[in-house]
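Letters A, B, ... mirror the listed sequences (proteins, then strands); counts begin at 1. Source: prediction; values computed, not measured.
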There are 2 protein chains.
Amino acid sequence: MSLRQYEYALAVAEEGSVTAAAELLRVAQPSVSQQIRGLERELGVQLFARTPTGLVPTVVGRAFLREAEIAVRAARRARATARAGADELVGELVVAVQMGFGTRQLPGALGALRRRFPRLEVTVFEEPSHAELERLCRRGVLNLALMAACERSPADAHHLGDEGFVVVLGAGHRLLAADRVELGDLEGEPWVRFDRDSALDAVLLKVLREHGLTPNTVARVSQTATAVRWAAQGLGVTLVPASAVPRGQEHLARPVFPVVSHPVLAVVRHGADPAESALLELLRKEPWAESAFPVPF
Amino acid sequence: MSLRQYEYALAVAEEGSVTAAAELLRVAQPSVSQQIRGLERELGVQLFARTPTGLVPTVVGRAFLREAEIAVRAARRARATARAGADELVGELVVAVQMGFGTRQLPGALGALRRRFPRLEVTVFEEPSHAELERLCRRGVLNLALMAACERSPADAHHLGDEGFVVVLGAGHRLLAADRVELGDLEGEPWVRFDRDSALDAVLLKVLREHGLTPNTVARVSQTATAVRWAAQGLGVTLVPASAVPRGQEHLARPVFPVVSHPVLAVVRHGADPAESALLELLRKEPWAESAFPVPF
DNA sequence: GAGCCGATGAGCCTTCGTCAGTACGAGTAC
DNA sequence: GTACTCGTACTGACGAAGGCTCATCGGCTC
């Protein structure tokens with residue numbers, strides 16, 4: 001099953017004769033003759049009827065040729081795509097983002113990327129678990145991972161900036177009276193938390209522990225949008241990245257004191273593609289919050 | 001650009017490693033390694049990133065692989081189609097029919113063919129000119145041609161039966177009073193005729209000449225349906241195969257005396273495909289009119 | 001250091017390509 | 001009608017290129 005045989009068969013069908021096909025293909029006539037014969041022998045079917053004036057496709061030959069043309073065209077397209085990739089940025093970029101981080105910056109960067117390289121397609125996975133994200137990274141299926149910093153973050157990760165966190169309170173909550181919420185004031189509040197192994201829950205837990213609080217968990221959700229909605233309806237309070245609060249709900253969010261923010265890292269493979277580097281640069285240029293504390297990583 | 005390279009690349013992408021791909025493909029590992037390298041060298045692009053645990057597609061590699069998969073699938077399908085053609089009747093049958101002949105029998109035969117061989121597709125050309133039909137036949141693009149007999153019909157043509165002709169008259173025409181029309185009574189009538197080099201016009205002219213009539217031509221059309229419609233509206237009289245008179249217009253048609261009929265031939269290629277033979281047999285089984293005169297061909 | 005990965009080089013063999021010559025049919029001149 | 005030419009595809013022999021395998025090497029992870 002060689003593509004050459006298919007091309008030769010298509011040329012013969014197109015030209016109606018082996019000689020003409022050979023001329024078109026810039027090879028000698030016996031070569032085409034042999035390939036056609038070999039193909040027919042391999043398939044066990046006569047693809048062409050021999051007439052004194054040339055070769056004509058048989059009934060089954062026509063059906064074969066229809067599929068063969070699809071194959072040859074796709075093969076040529078594959079080739080052209082790869083060749084184009086040598087000059088322009090072409091292909092499919094696979095990005096994973098840790099749920100809740102970079103929700104404002106990533107769309108901006110991807111939009112800019114698309115404007116600069118229209119033939120570059122991007123697929124984004126949202127993944128809450130740090131362990132799973134790391135596994136995908138190690139397996140190499142990702143071109144870029146956007147994740148919250150943690151102890152196990154690789155040394156060559158790029159620090160993009162920080163994600164600032166805000167508390168979301170139910171409508172009419174007493175703490176909405178102030179411009180900011182002191183963490184100590186949240187003692188005893190019911191909490192809308194995040195999935196057990198998610199980075200968002202890790203941040204939440206770490207912040208509360210540092211201030212000697214033990215959260216009273218009323219629900220666990222996987223998405224920030226859900227957490228905000230549930231908190232707004234008074235189920236409890238929650239702590240989410242500032243960029244995760246949707247328009248129209250800002251009046252229910254308050255900055256935290258002391259400021260809570262978390263470093264966001266981008267992990268790319270070692271010998272980075274031009275496409276990967278381009279996305280990394282665009283992510284750097286997006287507006288990020290200032291760091292609340294020196295990055296320990 | 002070999003299909004083998006594409007298959008190997010797909011296997012590597014699928015398995016994530018050269019070794020595993022080689023095992024899947026039942027070849028030694030260096031073979032896969034060489035093919036991948038050769039492909040990358042030929043395309044001038046790195047399709048896979050080398051990691052300590054295996055190979056992972058690059059950005060452009062993923063785009064290439066998407067097309068490559070289409071190519072390989074189509075190639076396999078082409079192969080399978082041809083292989084199936086060795087057992088079952090599979091493929092595309094190209095049939096040409098001389099306009100106005102076999103209009104009732106051909107659909108019947110094609111329906112029966114489709115019921116028996118559902119994977120056999122049929123394309124029908126309608127062609128008025130005998131010369132053009134013969135040209136297509138000689139070039140071999142046709143699997144079967146259905147045509148009116150003539151002096152130049154090939155000797156190995158199959159006589160299927162005869163097409164009986166009727167005269168179509170305008171509503172209220174005086175000759176509608178009788179059950180049949182004598183040819184001599186048509187003296188001086190205006191005629192709706194057919195395209196100059198069509199078989200239908202040849203029949204018409206031959207019949208009239210044999211009875212010493214010279215037609216007064218008011219129009220030439222290419223399709224029998226048009227001729228019948230125009231005749232029905234009183235533009236003139238016409239002579240068409242009985243099967244060409246649509247339902248609801250039978251009252252305007254009359255048999256001719258002496259009976260006019262014309263042999264219909266099927267021409268197939270020499271070493272006939274099974275599919276061609278099948279269609280020929282089905283056409284034979286369709287109901288045809290009895291011959292009005294001994295077939296001289 | 002053991003075990004996995006891919007890359008490399010040598011040798012064998014298949015396959016493809018070319019050139020020459022053959023066979024067959026169609027059309028044409030005589 | 002016969003012979004000739006021109007077109008077609010096929011066959012066989014030979015050389016070149018490429019694929020496959022084996023053994024081996026270098027790098028990385030655990």
Colleague: Within the 4.5 Å heavy-atom criterion, are A/Q98 and A/L146 side-chain neighbours or not?
Modeller: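 Answer no - side chains too far apart.
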Colleague: Does any residue of residues 32-49 of chain B have a heavy atom under 4.0 Å from DNA chain D, and if so, which ones, in number order?
Modeller: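 Those residues are B/Q34, B/Q35.
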Colleague: For A/A71, does its backbone N or O pair with a side-chain atom of A/Y6 as donor and acceptor, under 3.5 Å?
Modeller: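 No, because the side chain of A/Y6 does not come within donor-acceptor range (under 3.5 Å) of the backbone of A/A71.
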Colleague: May I ask you to decide if B/G102's main-chain N or O and B/E163's side chain share a donor-acceptor pair within less than 3.5 Å?
Modeller: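 Yes: the side chain of B/E163 pairs with the backbone of B/G102.
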Colleague: For atom CD of A/Q29, decide whether the heavy atoms of other residues, nucleotides or ligands shown that lie under 6.0 angstrom number more than 12.
Modeller: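 More than 12 within 6.0 Å, yes.
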Colleague: With sequence neighbours left out, what residues match B/F194 under ring-ring contact (aromatic ring centres under 6.0 Å, His included)?
Modeller: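 Listed in chain order: nothing, the list is empty.
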Colleague: What residues, two or more places apart in sequence or in another chain, satisfy side chain to side chain contact (heavy atoms under 4.5 Å, CB included) together with B/R119?
Modeller: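 In terms of side chain to side chain contact (heavy atoms under 4.5 Å, CB included), with neighbours along the sequence ignored, B/R119 is linked to B/A84, B/E88, B/V90.
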Colleague: Pairs counted as Watson-Crick or G-U wobble with both distances under 3.5 Å: what dot-bracket string results for DNA chain D, using | for bases tied to another strand?
Modeller: ||||||||||||||||||||||||||||||
Colleague: Rounding to an integer number of Å, can you tell me how far B/E15 CD sits from C/dC4 P?
Modeller: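 Between P of C/dC4 and CD of B/E15: 17 Å.
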Colleague: With a 4.0 Å limit, can you tell me whether B/R50 has a side-chain N or O closer than that to the phosphate oxygens OP1/OP2 of C/dC5?
Modeller: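 No, no such contact exists.
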Colleague: Taking all non-hydrogen atoms of both residues, which atom of B/A78 and which atom of A/A68 are closest, and how far apart?
Modeller: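 Looks like CB-N, 3.9 Å.
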Colleague: Describe the nucleic acid contact of A/S31 in one word from base, sugar-phosphate, nothing, applying a heavy-atom distance below 4.0 Å.
Modeller: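 The answer is base, as A/S31 lies within the cut-off (heavy atoms under 4.0 Å) of a base atom.
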Colleague: Is A/M147 close to A/E127 at the side-chain level, that is, under 4.5 Å between some pair of heavy atoms?
Modeller: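 With C-beta onward as the side chain, the pair stays apart.
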Colleague: Starting from C1' on C/dC16, measure out to CZ on A/R4 and report it in whole angstrom.
Modeller: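 From A/R4 CZ to C/dC16 C1': 7 Å.
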Colleague: Name all residues meeting the side chain to side chain donor-acceptor pair (under 3.5 Å) criterion together with A/T53; count only those two or more places apart in sequence or in a different chain, and write none if there are none.
Modeller: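 Residues passing side chain to side chain donor-acceptor pair (under 3.5 Å) with A/T53: A/T51.
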Colleague: Check this for me: B/E14, atom CD, are more than 12 non-hydrogen atoms of other residues, nucleotides or ligands nearer than 6.0 Å?
Modeller: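 Counting other residues, nucleotides and ligands, CD of B/E14 stays at 12 neighbours or fewer.
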Colleague: Any donor and acceptor pair, going by atom type alone, linking the side chain of B/E40 with main-chain N or O of B/F48 inside 3.5 Å?
Modeller: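 Such a contact is found between B/E40 side chain and B/F48 backbone.
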Colleague: Which sits closer to the 5' end of DNA chain C, A/P52 or A/P30, going by the nucleotide each is nearest to?
Modeller: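 With A/P52 and A/P30 compared, the 5'-side residue is A/P30.
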Colleague: Between which nucleotides of DNA chain D, 5' to 3', does chain B make heavy-atom contacts below 4.0 Å?
Modeller: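 The protein-touched segment is D/dG19 to D/dT29.
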